[in-house]
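Just so it is clear: chains get the letters A, B, ... in the order the sequence lines come, proteins before strands, and each one is counted from 1.
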Protein chains: 2
Amino acid sequence: MADRPYHHGDLRRELLRQAAGMIEEVGPARVSLRELARRAGVSHAAPAHHFGDKTGLLTAIATEGFHLLADQLTEALKGTGDFLEVGVAYVEFAVTHRAHFEVMFRPDLYEPDDADVRAARQRSTTALQSGISAASPEATGPDARTASLAAWSMVHGFASLWITGALPTSLGSDAAAAARQVAGVLTLGPRGTGRHSAQRTDDERAAAPR
Amino acid sequence: MADRPYHHGDLRRELLRQAAGMIEEVGPARVSLRELARRAGVSHAAPAHHFGDKTGLLTAIATEGFHLLADQLTEALKGTGDFLEVGVAYVEFAVTHRAHFEVMFRPDLYEPDDADVRAARQRSTTALQSGISAASPEATGPDARTASLAAWSMVHGFASLWITGALPTSLGSDAAAAARQVAGVLTLGPRGTGRHSAQRTDDERAAAPR
DNA sequence: GGTCAAATCTAGCCATCGTCAAGTTCTCGG
DNA sequence: CCGAGAACTTGACGATGGCTAGATTTGACC
């Protein structure tokens, strides 16, 4: 078993990588530190050294996830300034980082009051909210808050349903395109800046980037 | 241990009840047949007799959940004919039957191709869809489908976020009222029949039934 | 070149769980 | 009233997993 050098170099990162893959396969609850160690090719006690216990591992994953989400959202906002694209980025994140996404919104599995995870979560919520307020700058106060929650609910719901496979297969396999189409139904603000309903249903998906 | 009679009467129903409570406490993945038996006051092998294994138990819960959801949706549709209330009913179901809801949308935990659960799921999806098409009867074809998915995504997302405690506490504790407010942002169809945005934010919540 | 702390391993304890096999008690149709 | 089968129990086995303790290696720094 001395193929690998004693010091892995960056075992922590490798463990997080393997854990993500494992979660995608068997779900966040069925991860075991021993199996994780097996996959990483280290002893069964090594993970505990880095994360303490299973809760610690999932807390680390959630933290990483919130940071990744925040990055992706702010980048989408910078690029287009359009809320729609921020929503699409949300869905895209959920699909490409399914493991993280699943953990992030299951606070019973990790330590939601951990300082790091709190900060990371804060980052992503402000990113999302600024994306929404950019879409309807006129709206303020409770009106804006409600619109914000509606938009968040929609993209979050779409992402969840997509991941669990609950959506009809007729939507195709491109989650981002489908999300763009569905989220376009939502018109934000007194005069919606989002696109109206769906004149352009199928050609839009065909013309969608990627 | 001979307090209870040998035959429980309707142990299967009782086990489902206890399982729901257990899931609400520890999550669907951490349920154990033994602990379930303990709570029901029966021997540790009794649950296996009824459900075979854990997958069987969760399949039964999912089936029950889809039936309950279908009932609740059709009743809401009958009562008001308004889509908004169907959406609110969706959220209300998720909150009052959190355990069922959590299982239903985690198909990796049960047997999603089971005949019973398929039929039950079919019931609830048609109920939801007929509620949405009732809101915008003019829309047909892909337009209607997109609107339907948007509405579903929104109420599903709101319910999920509410359940996981991700939503701001300022929303209060009445999920149905909050859902009614948020879902009102979504205007369906070419001329939305849903209420517009949120003029009435706080007074609506105060005046909301229940 | 020696020392020290962090990183990793080996070994083992204990709890829990799923499942099987075989026994016991109830119910109900004939 | 009786026999068959369903409903439940008891007991035990093997697997898995979390966690701890103590040894061992390694890189870094003086």
### Task
I would like to know whether B/Asp10 and B/Arg12 meet side chain to side chain contact (heavy atoms under 4.5 Å, CB included); could you show each step before the answer?
CA-CA 5 Å; B/Asp10 197 352; B/Arg12 186 189 155 92; 4.1 Å; yes
### Query
Side-chain donor or acceptor of B/Arg34 under 3.5 Å from a matching atom on the base of C/dT19?
yes
### Query
Atom CG of B/Leu33 and atom C1' of C/dG18: how far apart are they, to the nearest Å?
7 Å
### Summary
To the nearest angstrom, the CZ-C1' distance between A/Phe51 and C/dT8 comes to 14 Å
### Task
For the side chain of B/Ala45, starting at C-beta, report the closest nucleotide among D/dT20, D/dT9, C/dC17.
D/dT9
### Query
To the nearest angstrom, how far is A/Lys54 atom NZ from D/dG18 atom P?
5 Å
### Query
When you check the phosphate oxygens OP1 and OP2 of C/dA6, does a side-chain N or O of A/His50 lie under 4.0 Å from one of them?
no
### N/O (side chain, A/Ser32) to phosphate O (OP1/OP2, D/dG17) under 4.0 Å
yes
### Task
Round to the nearest Å and state the distance from A/Leu15 atom CG to C/dC9 atom C1'.
14 Å
### Query
Could you state the CG-P distance from A/Asp53 to D/dT20, rounded to the nearest angstrom?
9 Å
### Task
Taking all heavy atoms of A/Arg121 and all of A/Tyr110, pick out the closest pair and write down the distance.
NH1-OH, 3.6 Å
### Task
Return yes if a side-chain donor-acceptor contact under 3.5 Å exists between B/Thr55 and B/Glu111, otherwise no.
no
### Message
Judged by each residue's nearest nucleotide on DNA chain C, which is more toward the 5′ side, B/Gly52 or A/Ser43?
### Response
A/Ser43
### Interatomic distance where CG belongs to B/Asp10 and P belongs to D/dA6 [whole Å]
17 Å
### Worked check of salt bridge (charged side-chain N to carboxylate O under 4.0 Å, His left out) between A/Glu35 and A/Arg38
CA-CA 5 Å; A/Glu35 171 67 17; A/Arg38 239 168 267 141; 2.6 Å; yes
### Message
From C-beta outward on A/Leu11, which listed nucleotide comes closest to its side chain: C/dT8, D/dG17, C/dA11?
### Response
C/dT8
### Separation of D/dT16 C1' from A/Arg39 CZ (nearest whole Å)
15 Å
### Query
Distance check: side-chain N/O of B/Arg12 vs OP1/OP2 of D/dA6, anything under 4.0 Å?
no
### Query
Rounding to a whole Å, what distance do you find between A/Glu35:CD and D/dA15:P?
16 Å
### Message
Counting the atoms with a prime plus P, OP1 and OP2 as sugar-phosphate, which does B/His44 contact under 4.0 Å by heavy atoms, base, sugar-phosphate, or nothing?
### Response
base
### Message
Counting the atoms with a prime plus P, OP1 and OP2 as sugar-phosphate, which does B/Arg38 contact under 4.0 Å by heavy atoms, base, sugar-phosphate, or nothing?
### Response
sugar-phosphate
### Query
Of the nucleotides D/dC8, C/dT8, D/dG18, which one has an atom closest to the side chain of A/His49?
C/dT8
### Message
I want to verify a distance call: between C/dC17, D/dT9, D/dG17, whose nearest atom is closest to the B/Val42 side chain?
### Response
D/dT9
#### Entry: Step-by-step salt bridge (charged side-chain N to carboxylate O under 4.0 Å, His left out) determination, B/Glu75 to B/Lys78
CA-CA 5 Å; B/Glu75 181 151 356; B/Lys78 258 191 216 164; over 6 Å; no
